[in-house]
Amino acid sequence: MRSRRVYRNPYRFSGCGNQNDKKKIEKLFAKNVSGEKFEKQPDKFLEFYSETIKDGTLDKDSILMRVTGSQDRNFYRIMDSGAKITKGNQTYYIYMEVVTADKEHPENKGIQIIDLATKKAYNDRYFLWHSKKGIFTQEKVCEDYRTMLIFGK
């Protein structure tokens with residue numbers, strides 16, 4: 001039942017957001033994610049979270065429907081899941097990528113990416129989840145995504 005832990009990550013994460021607990025959020029991430037670029041991301045995220053979806057309702061069904069994973073000979077496993085949170089008449093989507101086991105690099109175990117998007121950004125035809133390690137929010141689709149998709153950069 002180890003994979004059930006991945007299902008609970010969105011619950012843990014939203015609980016940390018509701019408590020405005022930066023330290024707990026940082027502990028959920030794998031050690032290989034930390035660094036200079038990551039230092040300010042939790043603060044920015046918590047500011048967005050507290051202004052928008054704090055104490056919102058996490059849709060339990062949306063988590064289980066989007067969980068996928070991969071595994072190779074080294075027992076390296078990545079699970080990605082999506083979750084939907086609703087607060088009032090607003091809807092937000094969370095993408096989460098988690099390494100559940102890595103035989104060669106056990107320090108990689110933990111959350112690699114969390115990306116929270118507003119429904120407006122999520123529904124844009126140019127929308128993409130972040131692929132870099134870290135924690136992100138998207139209120140609207142970045143112009144860079146449009147440029148990248150249109151011109152192939």
Side-chain angles (χ1 to χ4, degrees), residues 1-85 87 91-118 121-122 126-142 144-145 147-149 152-153:
M1 285 285 167
R2 284 184 171 183
S3 63
R4 290 188 59 148
R5 297 181 95 156
V6 174
Y7 300 145
R8 285 185 279 206
N9 277 325
Y11 293 108
R12 278 192 199 146
F13 183 74
S14 64
C16 294
N18 289 337
Q19 295 168 8
N20 203 35
D21 195 329
K22 178 182 173 182
K23 295 285 184 207
K24 283 186 181 176
I25 287 176
E26 289 172 343
K27 285 182 182 179
L28 292 173
F29 279 85
K31 287 188 168 84
N32 66 323
V33 177
S34 63
E36 252 182 72
K37 290 183 178 182
F38 182 74
E39 286 177 13
K40 295 179 184 177
Q41 290 177 348
D43 291 323
K44 289 179 184 178
F45 181 85
L46 283 170
E47 183 180 334
F48 177 80
Y49 192 94
S50 65
E51 291 174 3
T52 55
I53 63 173
K54 187 174 182 177
D55 299 320
T57 304
L58 191 64
D59 182 350
K60 295 173 188 172
D61 293 331
S62 68
I63 296 168
L64 298 176
M65 290 175 67
R66 282 219 36 211
V67 174
T68 59
S70 62
Q71 185 171 348
D72 68 16
R73 289 176 283 161
N74 297 320
F75 304 105
Y76 181 76
R77 218 165 159 184
I78 295 178
M79 305 288 283
D80 69 84
S81 65
K84 182 168 77 169
I85 296 179
K87 184 171 180 185
T91 301
Y92 303 88
Y93 298 93
I94 295 178
Y95 169 81
M96 185 176 292
E97 187 175 293
V98 182
V99 171
T100 59
D102 186 340
K103 189 175 180 180
E104 291 183 11
H105 303 284
E107 70 278 5
N108 290 346
K109 184 177 177 182
I111 296 174
Q112 301 288 315
I113 300 169
I114 290 181
D115 196 354
L116 188 147
T118 63
Y122 184 79
Y126 295 108
F127 178 80
L128 291 172
W129 291 112
H130 279 88
S131 58
K132 296 177 191 171
K133 292 173 175 47
I135 182 169
F136 307 95
T137 58
Q138 297 188 62
E139 294 183 71
K140 59 183 182 179
V141 174
C142 300
D144 291 345
Y145 286 152
T147 303
M148 179 180 69
L149 290 171
K153 294 184 178 184

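Below, all heavy atoms of this structure are taken into account, side chains as well, without hydrogens, waters or symmetry copies. Because the structure is predicted, anything quoted here is derived from the model rather than measured.
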To the nearest 0.5 Å, tell me how far [X] [atom1] sits from [Y] [atom2].
X: Gln138; Y: Leu116; atom1: CD; atom2: CG; value: 9.0 Å
X: Ile135; Y: Met96; atom1: CD1; atom2: CE; value: 8.5 Å
X: Thr118; Y: Glu139; atom1: OG1; atom2: CD; value: 6.5 Å
X: Glu107; Y: Glu104; atom1: CD; atom2: CD; value: 10.5 Å
X: Lys132; Y: Asp115; atom1: NZ; atom2: CG; value: 11.5 Å

Summary of side chain to side chain donor-acceptor pair (under 3.5 Å) pairs that have at least one residue in residues 15-26, sequence neighbours excluded: Asn18-Tyr49, Gln19-Lys24, Lys22-Asp43
Check whether any side-chain heavy atom of [X] lies under 4.5 Å from a side-chain heavy atom of [Y], and answer yes or no.
X: Val33; Y: Ile111; value: no
X: Thr137; Y: Lys44; value: no
X: Glu97; Y: Trp129; value: no

Sort and list the pairs that fulfil ring pair (Phe, Tyr, Trp, His ring centres under 6.0 Å) and have at least one residue in residues 15-38, not counting sequence neighbours. Phe29-Phe38
Checking the side chain of Asn108 only, and the main-chain atoms of Asp102 only, is there a donor and an acceptor separated by less than 3.5 Å? no
What's the shortest heavy-atom distance between Leu28 and Cys16, and which atoms? CD1-SG, 4.2 Å
Report the residues that fulfil side chain to side chain contact (heavy atoms under 4.5 Å, CB included) with Thr52, sequence neighbours left out, ordered by chain and then residue number. Phe48, Tyr92
Please check if atom NZ in Lys37 has more than 12 non-hydrogen atoms from other residues, nucleotides or ligands closer than 6.0 Å. no
